[in-house]
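Just so you know, these numbers use all the heavy atoms, side chains as well, and skip hydrogens, waters and symmetry mates. Chain letters run A, B, ... following the sequence lines, proteins first and then strands; every chain starts at 1. Every value quoted in this text rests on a predicted model; they were computed, and no experiment measured them.
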Amino acid sequence: MNKVLGITLGILTAMGGFVDIGDIVANSETGARFGLGLAWAVVVGVIGICVFAEMAGRVAAVSGRPVFDLVRERLGAKVGLVNLLASFFITFLTLTAEIGGIALALELASDVNYLLWIPVAGLAVWLVIWRVKFESMEQIFGLMGLVLVVMAVALWRLGPDWSDLAHQAAHPAVPHGEGHATYAFWAIALFGAAMTPYEVFFFSSGAVEEGWSRRDLMLNKANVFIGFPLGGVLSLTLMGLTAVVFQPAAVSVGSLSQSALPVSLAVGKLGLALVIIGFFAATFGAALETGLSCGYTISQYFGWPWGKRVRPREAARFHLLVLVALGVAVGVGLTAVDPIKVTEYSIVLSAAALPLTYLPILLVANDRDYMGESANRWLSNLLGSVFLVVLVVVAAVTIPLMIVTKAGS
Amino acid sequence: MSDPSAPPGRELLLALQLLDRQIVDRHGKLAGKVDDLEISLPSGGGPPVVTALLTGRGALADRLGGRLGRFAAALSRRLVAGDRERPGRVPVSRIADIGNHVTVALDADEMPTYAVEAAVRHGIVEHIPGSGVKGA
């Protein structure tokens, strides 16, 4: 059991990264419009996040230094500050969207308007960050999110033509009626959603919060190579569900209840209940991840005390940051801005900021002063370098594509 | 002059291995960053020497420069008591160790970066119930 609980950091990070409100909607929408023709973008993203999260976790275990510490140290004060502003803005936007996502999940469960749930959600997230131990937090929400496996049961019960799904995934093509630019936009959205920077902020800070050391390098690998692929499989399952149910009818998807519909069609009321619990856990996990990351990034840039392993009064600025970020996020959410639109923009914008976050991780993972015997070997370097090139290309084309395609519509 | 028969010490690349690194106090508490370095030219002649780590009280804003940097530096020095002209300073004699972080032979509350943390702690965070207990 301890072994299972040991990987809940990876599971929670991946849930918050792959089945948070933005992904739930992006995967449902791409499934309905493109079938599994964009599944490859998720697979590429899972490999990318595994490569960099493994490095970030290894650096944190060996040196005790989380990602934003490295960003400041390797990019210097000025470029580091630019990255801080961009990363904080994106993480804050995502936090706003996730609070809205929790509220939407509660609306599905209760029929009470989601706007009324937003302050409740914000308060609940803050209470967990303020009072619940880091390990308990990741175990509760990581394991609760696993009920989303019900989506796989639903896909199986729908009895789709598996060879057709496999063919769609293996032979990606732009469907009739969709432009190449729109297809590319959604590919980047899915890739960016898989590699959002807050995942490595949270994962590496979590490793420090849990006190990982050189002895925990295997634990790091287990967290990364079980957690992230699991998140990726869940997001592909969601894409498969909407591909099977909505694509033949050419119905477009843009709400959480539509994302849950295929499960209730296939598994009934119990399935619907489980998928709502899963959506709640995943969005709540993502809110914890982004809420904490708002504090982690700024505190680590300035070298302030941070985290949940010390009493709140000993990390006063960190907790004030988290409190203010949550308060403002609730305020923005209450203006009735569409949470789903907010995440779509934040995912795409984050694709533009990714190289500045992942370059320092690659540099330090190679620094023998830091890493000694645990420095990168050739495979990590090869994959890391290839992905860095991909990230730079993606960063360069993201914003023009967003303008040309009017955000994929 | 140094003794040529003594074993060679460690040489550091200041920008790579010291600047922007985390400062940790003698109990392992996080206590700011190496925002800048002070190099002094001794008045009696002789080579320049690194004399202090600059941290907090506008040290970072000074380094960022420009109108915004000057404004931020002036503001942060005005907000906390002490020298209005100069940033926070830790003499090199208080450096205990330099690794992937810089350990100083001081308590975090003796550091120039401590004033704001203390103000936020006593002014706000301590008034919220549960601030003194670790999570359960």
Side-chain angles (χ1 to χ4, degrees), chain A residues 59-60 62-66 68-82 126-137 208-209 299-324 360 363-364 367 369-372, chain B residues 10 12-13 15-25 27-36 53 55-56 59-66 68-69 72 76 98-102 108-109 111 113-114 116-136:
Chain A
V59 172
V62 170
S63 69
R65 303 265 76 91
F68 231 87
D69 225 330
L70 311 178
V71 167
R72 162 95 187 253
E73 185 195 304
R74 288 298 147 125
L75 298 182
K78 270 187 190 163
V79 183
L81 185 63
V82 171
W126 176 74
L127 277 174
V128 170
I129 291 179
W130 183 252
R131 287 297 299 135
V132 179
K133 220 171 84 185
F134 195 89
E135 282 88 349
S136 319
M137 174 188 99
V208 177
E209 298 254 29
S299 302
Q300 288 164 12
Y301 176 89
F302 289 106
W304 301 339
W306 56 269
K308 288 168 59 53
R309 70 219 134 117
V310 293
R311 289 186 290 246
R313 67 185 299 274
E314 286 163 30
R317 281 175 286 190
F318 167 79
H319 278 283
L320 179 64
L321 278 171
V322 172
L323 181 61
V324 170
L363 291 177
V364 172
D367 186 333
D369 261 7
Y370 256 90
M371 301 299 293
Chain B
R10 206 152 59 101
L12 288 180
L13 303 173
L16 180 67
Q17 291 172 305
L18 198 52
L19 200 58
D20 292 315
R21 295 245 167 164
Q22 179 71 47
I23 301 176
V24 171
D25 85 345
H27 307 293
K29 286 188 183 164
L30 305 177
K33 293 268 175 166
V34 181
D35 289 324
D36 210 336
L53 309 176
T55 177
L60 178 65
D62 280 338
R63 182 164 149 222
L64 293 174
L68 197 63
S76 54
I98 299 176
N100 67 46
H101 54 260
V102 180
D109 57 11
M111 293 286 290
T113 41
Y114 180 73
V116 184
E117 178 77 19
V120 174
R121 176 187 302 174
H122 300 309
I124 302 167
V125 172
E126 260 184 359
H127 301 287
I128 307 172
S131 68
V133 233
K134 266 195 192 174

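- Looking at every heavy atom in both residues, Asp369(A) comes nearest to Gln17(B) through OD2-NE2, 2.7 Å.
- Atom CG of Asp367(A) is separated from atom CG of Leu16(B) by 7.0 Å, given to the nearest 0.5 angstrom.
- Contact record, Pro312(A) with Gly130(B): CG-O, 4.0 Å, taken as the closest heavy-atom pair.
- Residues Phe302(A) and Val116(B) fail the side-chain proximity criterion, which asks for heavy atoms closer than 4.5 Å.
- Looking at Glu117(B), its side chain does come within 3.5 Å of a backbone N or O of Ala316(A) through a donor-acceptor pair.
- Rounding to the nearest 0.5 Å gives a distance of 9.0 Å between CZ of Arg21(B) and CZ of Arg65(A).
- Few gaps surround CG on Leu13(B); more than 12 heavy atoms of other groups in view lie less than 6.0 Å from it.
- Within the 4.5 angstrom heavy-atom criterion, no atom of Glu135(A) approaches chain B.
- Counting heavy-atom pairs closer than 4.5 Å to chain A, the top residue among Arg121(B), His122(B), His101(B) is Arg121(B).
- The shortest distance between side-chain heavy atoms of Leu30(B) and Trp304(A) does not fall below 4.5 Å.
- Listed here is the closest heavy atom pair of Thr113(B) and Arg317(A): O-NH2, 3.6 Å.
- Annotation: the span from His319(A) atom NE2 to Ile128(B) atom CD1 amounts to 9.0 Å, rounded to 0.5 Å.
- In this structure the side chain of Leu81(A) reaches within 4.5 angstrom of the side chain of Leu64(B), judged on heavy atoms.
- Side-chain contact between Val125(B) and Phe318(A) is absent, with no heavy atoms from C-beta onward closer than 4.5 Å.
- Options Glu314(A), Arg313(A), Arg311(A) differ in how many heavy-atom pairs under 4.5 Å they form with chain B, and the most are formed by Arg313(A).
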* To do: Under the salt bridge (charged side-chain N to carboxylate O under 4.0 Å, His left out) rule, what do Arg74(A) and Asp20(B) come out as? Steps first, then yes or no, please.
  => CA-CA 8 Å; Arg74(A) 288 298 147 125; Asp20(B) 292 315; over 6 Å; no
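- When all heavy atoms of Arg72(A) and Val34(B) are compared, the closest pair comes out as NH2-O, 4.1 Å.
- In this structure, chain B has no heavy atom under 4.5 Å from any part of Ile129(A).
- Listed for the Trp130(A) side chain is a donor-acceptor partner under 3.5 Å among the backbone atoms of Pro129(B).
- Residue Ala108(B): no heavy atom, backbone or side chain, is found under 4.5 Å from chain A.
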